[in-house]
Amino acid sequence: MSAVNDTKLKSIIFLLTGLPIDGDIYFWISIPFYFIYVISIVGNSVILFIVKTDPSLHQPMYIFLSMLAITDLGLSVSTMPTILGIYLFNSREISLNACLAQLFFIHLLQCIESSVLMLMAFDRLIAIYNPLRYSAILTLPRIAKMGLVAVIRAMAIILPLPFLLKRFQYCRANFFSHSYCVHREVMKMACSDITVNIIYGLFTKLLIMGLDSLLIFLSYVMILKMVLSIASYEECLRALNTCVSHLCVVLLFYTPDISLTVMHSFEKDSSPLLQILLGYISLLLPPLMNPIVYSVKSKHLRVRVMRVFMK
């Protein structure tokens with residue numbers, strides 16, 4: 001009986017979809033996606049290379065940035081193959097097991113990225129609130145433990161998702177509205193009761209996005225309170241300027257995802273095209289823009305990036 005069930009699961013095929021436009025121009029649409037993919041991979045790889053090879057960048061802020069770059073590389077590798085497959089080769093089919101693997105890594109890496117952004121907010125808080133003990137508080141072993149906790153937390157939250165989805169029977173009309181697999185899309189294709197999945201999906205959103213964004217907000221409330229108590233206007237601006245890159249990255253990550261969540265709550269009244277575009281933005285924009293934002297704002301990092309490309 002188990003062998004029969006395994007055969008049925010392996011035979012389930014989902015169909016991914018791209019933008020609702022004429023298929024004849026799909027090749028031209030693939031070009032910007034290809035460049036986004038290349039820039040994301042190169043940009044985050046360069047950040048990792050520079051931080052690893054330059055001892056002067058072995059500081060808490062840049063180590064957290066390396067964690068962010070690793071997560072963004074993972075997101076790019078997890079999403080781009082199916083996206084480019086649709087627009088370049090019209091390859092829409094994906095098996096259940098491959099779909100579950102993709103959604104696991106997408107949600108896992110998003111959870112880790114949210115945790116890293118929270119840790120980066122904590123880093124900025126310590127740097128401004130207690131600058132004299134900054135290096136003593138955020139030591140390399142302590143940062144490594146923080147990163148490990150972020151990964152374990154993400155694994156504990158996301159690991160049940162594929163198993164909750166694998167127990168279902170699926171209907172034949174398995175058309176997704178996106179070019180990649182996510183929990184919500186696969187869940188909708190089930191012919192069974194999905195109440196448990198809905199509740200657990202809401203729980204994961206609140207625990208990841210809700211809690212992390214709240215802690216980031218509280219960190220910046222404390223930072224703002226501390227900065228406003230500084231007498232010198234120049235010192236106040238200098239302190240706030242160290243947070244600009246992180247704030248931009250936080251907005252790039254949370255704004256599209258929260259907007260997409262709200263749109264899914266009012267699915268009947270929302271545009272399918274806008275949902276697809278927001279889906280692309282939420283997954284593709286952070287890996288693309290994060291290295292650029294930090295390279296532009298950090299003179300120390302920008303100089304070393306320029307040296308890499310001018311050799």
| 4.5 Å side-chain heavy-atom contact, K188 and F176 | no
| message | Do Y280 and H178 have side chains that approach each other closer than 4.5 Å (heavy atoms only, starting at C-beta)? | response | no
| Can you find a pair of side-chain heavy atoms, one from H183 and one from T204, that are under 4.5 Å apart? | no
| said: Less than 6.0 angstrom separating the ring centers of Y34 and Y87, yes or no? | reply: no
| 4.5 Å side-chain heavy-atom contact, L301 and I47 | yes
| request: Sorted by first residue and then second, give each ring-ring contact (aromatic ring centres under 6.0 Å, His included) pair with at least one member in residues 97-132; sequence neighbours left out. | output: none
| note | Closest heavy-atom pair, S76 versus I41, reported as atoms and distance to 0.1 Å, is CB-CD1, 4.0 Å
| Between K297 and N241, is any pair of side-chain heavy atoms under 4.5 Å apart? | yes
| Are Y26 and F35 in one and the same hydrophobic cluster, where Ile, Leu, Val, Met, Phe, Trp and Tyr link if side-chain heavy atoms are under 4.5 Å apart? | yes
| query | So, the side chain of S282 versus the backbone of G279: is there a donor-acceptor pair under 3.5 Å, distance only? | reply | yes
| field | Hydrophobic cluster (4.5 angstrom, side-chain heavy atoms) - remaining members for L218 | value | L214, F217, V221
| query | Residues two or more places apart in sequence or in another chain: which of them pass side chain to side chain contact (heavy atoms under 4.5 Å, CB included) with C248? | reply | V244, V293
| Is there a side-chain contact between L165 and M189, using heavy atoms and a 4.5 Å cut-off? | no
| Just checking, any donor-acceptor pair under 3.5 angstrom between side chains of Y180 and S78? | no
| said: For a quick check under 3.5 Å, do S177 and Q275 share a side-chain donor-acceptor pair by atom type? | reply: no
| query | Among side-chain atoms of T195 and D193, is any donor-acceptor pair under 3.5 angstrom? | reply | yes
| query | Of the non-hydrogen atoms in R153 and S115, which two are nearest, and what is the gap between them? | reply | NH1-OG, 2.6 Å
| Sequence neighbours excluded - disulfide (SG to SG under 2.5 Å) pairs with any residue from residues 24-57 | none
| said: Quick one, Y37 and I83 - any side-chain contact, counting heavy atoms below 4.5 Å? | reply: no
| query | Who are the side chain to side chain contact (heavy atoms under 4.5 Å, CB included) partners of L240, not counting sequence neighbours? | reply | L224, V227, C236
| remark: All heavy atoms of A136 vs all of R142, minimum pair found to be O-NH1, 4.0 Å
| task | Taking the side chain as every heavy atom from C-beta outward, state whether I194 and F168 have any pair of such atoms under 4.5 Å apart. | result | yes
| V296: side chain to side chain contact (heavy atoms under 4.5 Å, CB included) partners, not counting sequence neighbours | I292
